[in-house]
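So the structure is just underneath, and the comments pick up after that.
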Amino acid sequence: MFKKVSGTVNFPSLEEEILQFWKANRIFEKSLAMREGSPSFVFYEGPPTANGLPHIGHVLARSYKDVIPRYKTMQGYYVPRKAGWDTHGLPVELEVEKELGLSSKRQIEEYGVERFNERCRESVFRYEAEWRRLTERIAFWLDLDNPYITFKDEYIESVWWILRQIWEKGLIYQDYKVVPYCPRCETPLSSHEVALGYQTVKDPSVYVRMRVKGQPDTSFLVWTTTPWTLPSNVALAVHPDVTYALVQQGEEKLILAKDLLGEALTGPFHILEERKGQDLVGWEYEPLFTFFQPDKKGWYVLPADFVTTTEGTGIVHLAPAYGAEDMEMGRRYDLPFFHPVDPAGRFSEEVPPWKGLFVKDADPKIIEDLRRRGLLYRAETYEHTYPFCWRCDTPLLYYAKSTWFIAMTKVKDRLLAANETINWIPEHIKEGRFGEWLRNVVDWALSRDRYWGTPLPIWICASCGHRHCVGSIRELKEMAIRMPEHFELHRPYVDEVVLRCPRCGGEMRRVPEVIDVWFDSGAMPVAQWHYPFENVEEFQKTFPADYICEGIDQTRGWFYSLLAISVLLFDQTCYRNCISLELVLDAQGQKMSKSKGNVIDPWSILNVQGADALRWYFFTASPPGIPKRLSPEAVTDVLRRFLLTLWNVYVFFVTYAVVDGFVPTGDAPPVAKRPLLDRWLLSRLHLLVQEVTEDMDRYDVTSAGRAIERFVDDLSNWYVRRGRRRYWKSENDQDKLAAYYTLYEALVTLAKLLAPFIPFTSEALYQNLVRSVDPLSPESVHLTDFPKADPTMINRDLLEVMESTRHLVSLGRAARNRAGLKVRQPLQRAVVLTKDARLLQEPELLALISDELNVKEVKIVEDLTPFVRYEIRPRFDILGPKYAGRLPEVIAALRATDPLAVTHALTHEGRVILETREGPVTLFPDEVEVRIEGREGYVAESEGGDVVVLQTQLTPDLIEEGMARELVHQIQQLRKEAGFEVADRIRLFYQGDGRVDEVIRKHFGYIAQETLAVEIREGVEGAEVTKRLDVDGYEVLVGVARIT
RNA sequence: GGGCCCUUAGCUCAGGUGGUGAGAGCGCACCCCUGAUAAGGGUGAGGUCCGUGGUUCGAGUCCACGAGGGCCCA
């Protein structure tokens, strides 16, 4: 027997109970064990860093990460879900620095790298408990007890192995390169890290005079937004094909691109001369500063294609130490090189006036200096986007720096080929954002001049300079001359390992760098198994992944590092399907941020609306690639519209099943023998199962969810509404049994369909609907198989004809509304014209229409002429292709003809011939649409070939019937006001004017039946409650008394 | 400056391959129902489909240009 369920449900507390149930009965573990040996479906968890709190965006990602594995498990796959933690890198070091009050690398080294790294190791699991609490609360099933952890020696050893493979392919190299560099962290950043930190800022925008040598009144006008690079200027670049102008302005002459005269110059000027950039090449100019003595020729004009005339002056200043293009020009033309900035971003003693000053802070002083010396033409501020350190928010500098690289440009084609094999959701990511990124791939700046990270396993011989990349701990030990007592694969311990040079026998020492933390996470397909040192089979079985899912910000992060490493190692992708999620925004569409104060705490929703409501919102509000605007109201809306509707149907079913003692353990009536409404619902249900399966197989979670929403709406607002009386009638007949079984099957199937999406509510339904009556059934809905659609149950005819019926009902209601005739007032007749001839075959549908519209009879006719007038409209979709350019003419002819005649001809002859200037044209019935208006005494509504005409005339009998229904309605209200139970029998009293009395006497039986009155008496003596009622303008005093 | 995405009702979103009174839910107004009831249903009002050109007999849909927003890259 089912447990009675309350209509008022508190989802959060329901969810807490179910969490207890899952935990106590180890349901997650069982869901895995059950599928062991079945085909695998591989999911990779992108590792978060647990030194920060999880936010609402993580809830979105974790919901999406969860729904697919749950679905696949129910489809029969074995889906292990190993958790992972990203534990290295700058974010961690930064937290620790803050705690310890350190602010530079020097201070870290004074504090001690050993102690510092120990603190890092401790800090990375600071919020692990909070991550676990949230992960569990939102029902993200993940094996949190056996995670991969990137700081473990086993993990690092695998990473070393990977690096060794890449090294052997000759793809790791060291070079001076201008790299984005964080002066606070004192380390270069990789391009994908740079991509994480662009901000809009105001920088200086200065126009500087560089005086042409020997012509003190003539200057090149040069524009820059980084004045601090000017002391390092060694050359100028112009585009050889651009036209430059020499202009006179006051006493001086200026040279700049002709196209930029208007923007760059202030005040009046006139052009003296024009020439191509090519002609300026070789011109020399006076250095702005004289801080260093060049060893090579500098300060002259060079040609370069990268010069543009979109902003500035068309003349670019070159400082090889501070720009990638500058560096390349410096190499090509052998320019002097001047790099007077220290690792912390401060001017060195080579620039005495600003020594020790952070370069950006020196900008105003440099501008002032130029102004004083008359070299400044203009200085303003300029708003643009500029990269900042993604963790510490310091503006990055572009620096020439010795760095280790992986030559990604050499495998670009392989990256692109691998990308072709990935199914991206949304699809445009493949060729769009990700494809663009890969097409513009640059070499991976791998090394970091930091402490807490995977050490770069490269040792260099002090004697012969030989370099060796170590690929395992064993190899390290074999080659070691000296090992520290305590040993692990971190600094400072590895730094103390000295190796014997295999070439000359000399001593090899490790390079000081650690590697980019993104390499760690990208290595997880291999390193999570400590492959190839262990678990060879596990690795092979779980490579590549079938499914990964993260935020779109990981396009250049984890999505890239995963693909990069797997292409470098195996020349293929390591993930086949990838859902890339857009951001969660606030209700106004603004990005959530602490500074704006618009951050939504996940718990504020989980504790009020619950996890299922939030999950459902995330799945259905918009597709994964479209940003989600989140607000508590929006989640409440989902709760009411979907979850509560579902819950109400469930409560309805259980309530009556308990009253009737229904248990679904006997023989269900054969579907073919069930009433039409049941067969319709089952068709609808199996079609739904089919749709949801197809959608989920395509990873289209949103469409699947929306399809279920539509079904639940139909279930509640059509099937249950239409079928209510079948459950509460007193006979226990076949019809009632069919009703119970059908609704039961629908609810149980829904519980399973919904299990991946809303694991809690579906579990609650399942436990009561299935487990309570069948002890042999699986212990949890999550241990069941996903429903399979039975195509033989899908009767498309029936689905369509029900649609027609509902459409006719809707038209009839619209007609009633327009005529001002409430549904309680019975009408004699509805006349229906429909193209759907199948309707005639189904008396149950006609009965349904008459019931919904409260009419005595529904008459289906082929000719509406007695009831309506016509208007003819052309069907452009059919006539368009047929007549093309002649269409306007045909339409004119149609409009010029009498509609009734056209209708008549179409109905009786099957066509109508119209006269046009170019001769006769024949139209057929399906080429026009007939619009309709009711004649006197009728009201009509029509749409798409369906017409419903209501006869509006009321007879005295109809009016009395209407009054009887009105009376019943009001008596029911009175029963409720009197506090009676729905099943209480009553004695009914009345006393009124003759009109109502008459109605009561006439409709005695009907009124008694509807109000559960066993007796109706004139006079109110003995009534518990009385009330004066107004029934369509007639007064009556009514009383009720409960019979005990 | 470039790339990708977005712009449809007050709000959140649907609108394969172009077909002519543009849809849903929420909100609003009016009405209905009342044995799922601190629920439910119906009807209606509400839209320059971001703009401008173009292709076409016909454009929310295709093309071009432009505007605004978001993300990303220079």
Side-chain angles (χ1 to χ4, degrees), chain A residues 7-8 191 194-196 198 306 308 310-311 324 384-385 387 426 428-429 431-437 439-440 552-553 555-556 582-583 585 587 589-591 617 620-623 625-629 631 633-634 636-638 640-642 644-645 647-656 659 702-703 706 709-710 713 716-718 720-721 724-725 727-729 809-810 812-818 820-825 852 854 873-891 929 931 941 943 965 968-970 972-973 975-976 981-983 1010-1012:
Chain A
T8 50
S191 50
V194 176
L196 297 170
Y198 275 83
F306 60 75
T308 65
T310 49
E311 57 191 353
H384 64 151
T385 54
H428 61 77
I429 301 282
E431 296 307 327
R433 193 170 289 200
F434 199 64
E436 279 301 314
W437 170 254
R439 278 187 284 279
N440 296 317
I552 192 167
D553 52 331
T555 306
R556 278 105 166 144
E582 255 292 354
L583 296 172
L585 306 173
Q590 296 290 307
K591 203 168 169 172
Y617 177 77
T620 58
S622 67
I626 303 288
K628 269 146 206 71
R629 296 190 178 195
S631 64
E633 294 74 26
T636 302
D637 182 53
V638 152
R640 289 186 36 232
R641 199 180 71 242
F642 177 67
L644 275 180
T645 305
W647 193 261
N648 278 337
V649 174
Y650 161 65
V651 170
F652 174 85
F653 170 81
V654 171
T655 304
Y656 288 100
V659 168
T702 303
S703 295
R706 287 175 172 176
E709 272 184 349
R710 286 191 293 274
D713 190 61
S716 170
N717 293 326
W718 191 247
V720 172
R721 184 157 69 79
R724 266 189 291 224
R725 280 176 181 265
Y727 303 88
W728 74 61
K729 67 183 174 185
V809 167
S810 167
R813 286 210 192 94
R816 265 191 177 273
N817 233 41
R818 208 144 60 85
L821 292 163
K822 60 184 180 183
V823 182
R824 223 179 283 146
Q825 174 59 60
E852 280 281 313
N854 193 16
R873 295 181 62 98
R875 286 280 304 269
F876 288 91
D877 54 338
I878 293 164
L879 293 174
K882 188 167 172 182
Y883 292 104
R886 286 182 67 203
L887 190 60
E889 197 186 321
V890 174
I891 286 162
E929 185 187 349
R931 288 200 193 174
E941 281 288 334
E943 189 180 61
R965 286 188 64 149
V968 167
H969 163 59
Q970 297 202 31
Q972 302 284 31
Q973 290 291 113
R975 281 182 57 119
K976 203 183 293 177
E981 293 293 318
V982 290
E1010 291 295 312
T1011 61
L1012 298 185

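Chain letters run A, B, ... following the sequence lines, proteins first and then strands; every chain starts at 1.
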What is the distance, to the nearest angstrom, from the CZ atom on A/R816 to the C1' atom on B/rC32? 10 Å
B/rG69 and B/rC32, which share atom name C1', separated by this distance in whole Å: 43 Å
In plain terms, say whether A/R706 and A/E709 are close enough for a salt bridge, that is, a side-chain N and a carboxylate O under 4.0 Å apart. no
Rounding to an integer number of angstrom, what distance separates B/rC26 and B/rA14 when you compare their C1' atoms? 15 Å
Quick one: on RNA chain B, does A/A621 or A/G432 contact a more 5' nucleotide (nearest heavy atom)? A/G432
How long is the gap from CH2 on A/W647 to OG on A/S716, to the nearest 0.5 Å? 15.0 Å
Check A/T702 against A/P623 and note the closest heavy-atom contact, atom names and distance. OG1-CA, 3.4 Å
Out of B/rA14, B/rG35, B/rC71, which has the shortest distance to the side chain of A/L583? B/rC71
Separation of B/rU37 atom C1' from A/Y656 atom OH, nearest Å, is 10 Å
Quantified in whole Å, what is the C1' atom distance between nucleotide B/rG58 and nucleotide B/rU12? 32 Å
Rounded to the nearest 0.5 Å, the CZ atom of A/R965 sits from the CD atom of A/Q825 at a distance of 9.5 Å
Rounded to whole Å, how long is the line connecting atom CD of A/E582 with atom P of B/rC13? 12 Å
What heavy-atom pair brings A/L1012 and A/R975 nearest, and what distance separates the two atoms? CB-NH1, 3.6 Å
For nucleotides 40-43 of chain B, which of its nitrogen or oxygen atoms have a protein nitrogen or oxygen under 3.5 Å away, and what is each distance?
{"unit_1": "B/rG40", "atom_1": "O3'", "unit_2": "A/N717", "atom_2": "OD1", "d": "3.0"}
{"unit_1": "B/rG41", "atom_1": "OP1", "unit_2": "A/N717", "atom_2": "OD1", "d": "3.2"}
{"unit_1": "B/rG41", "atom_1": "OP1", "unit_2": "A/N717", "atom_2": "ND2", "d": "2.4"}
{"unit_1": "B/rU43", "atom_1": "OP1", "unit_2": "A/S810", "atom_2": "OG", "d": "2.7"}
{"unit_1": "B/rU43", "atom_1": "O4'", "unit_2": "A/N817", "atom_2": "ND2", "d": "3.3"}
{"unit_1": "B/rU43", "atom_1": "O2'", "unit_2": "A/N817", "atom_2": "ND2", "d": "2.9"}

Search all heavy atoms of A/R721 against all heavy atoms of A/E852 and return the closest pair with its distance. NH1-OE2, 3.2 Å
May I have the distance from A/I626 (atom CD1) to B/rG70 (atom P), rounded to whole angstrom? 15 Å
On a heavy-atom basis, which atom in A/E582 and which in A/I552 lie closest, and how many Å separate them? OE2-CD1, 4.1 Å
With a 3.5 Å cut-off and heavy atoms only, can you find an N or O donor on one side and an acceptor on the other between the side chain of A/R433 and the base of B/rC71? yes
With rounding to the nearest 0.5 Å, note down the distance linking CZ in A/R439 to CD in A/E431. 5.5 Å
Is the ring centre of A/W437 less than 6.0 Å from the ring centre of A/F434? no
If we take the C1' atom in both B/rA45 and B/rC28, what is their distance in whole Å? 9 Å
What integer number of Å spans the P atoms of B/rA59 and B/rG21? 12 Å
Taking atom C1' in both B/rC30 and B/rG46, compute the distance separating them and give it to the nearest angstrom. 15 Å
Classify the nucleic acid contact of A/H428 as base, sugar-phosphate or nothing, counting any heavy atom under 4.0 Å across all strands shown. sugar-phosphate
Give RNA chain B the dot-bracket treatment, 5' to 3': Watson-Crick (N1-N3 with N6-O4 or O6-N4) or G-U (N1-O2, O6-N3) under 3.5 Å, [ ] crossing, | other strand. (((((((..((((.....[...)))).(((((.......))))).....(((((..]....)))))))))))).
Specify the separation, in whole Å, of atom CG of A/D553 and atom P of B/rG70. 17 Å
Report yes or no: does A/R640 contribute a side-chain atom to a donor-acceptor pair with the main-chain N or O of A/T645 at less than 3.5 Å? no
Determine the interatomic distance between P on B/rU17 and the same-named atom on B/rU61; round to the nearest Å. 11 Å
When you get a sec, tell me which of B/rA36, B/rC13, B/rC72 is the closest nucleotide to the side chain of A/R556? B/rC72
How long is the line joining CZ of A/F652 and P of B/rU34, in whole Å? 15 Å
Atom CH2 of A/W647 and atom C1' of B/rA36 are separated, to the nearest Å, by 14 Å
Separation of B/rA24 C1' from A/R706 CZ (nearest whole Å): 10 Å
Of B/rU34, B/rG3, B/rA14, the nucleotide closest to the side chain of A/H969 is B/rU34
When you compare B/rG44 with B/rG18, how far apart are their P atoms, in angstrom units rounded to a whole number? 31 Å
At their closest point, which heavy atom of A/S622 faces which heavy atom of A/P627, and how far apart are they? OG-O, 3.6 Å
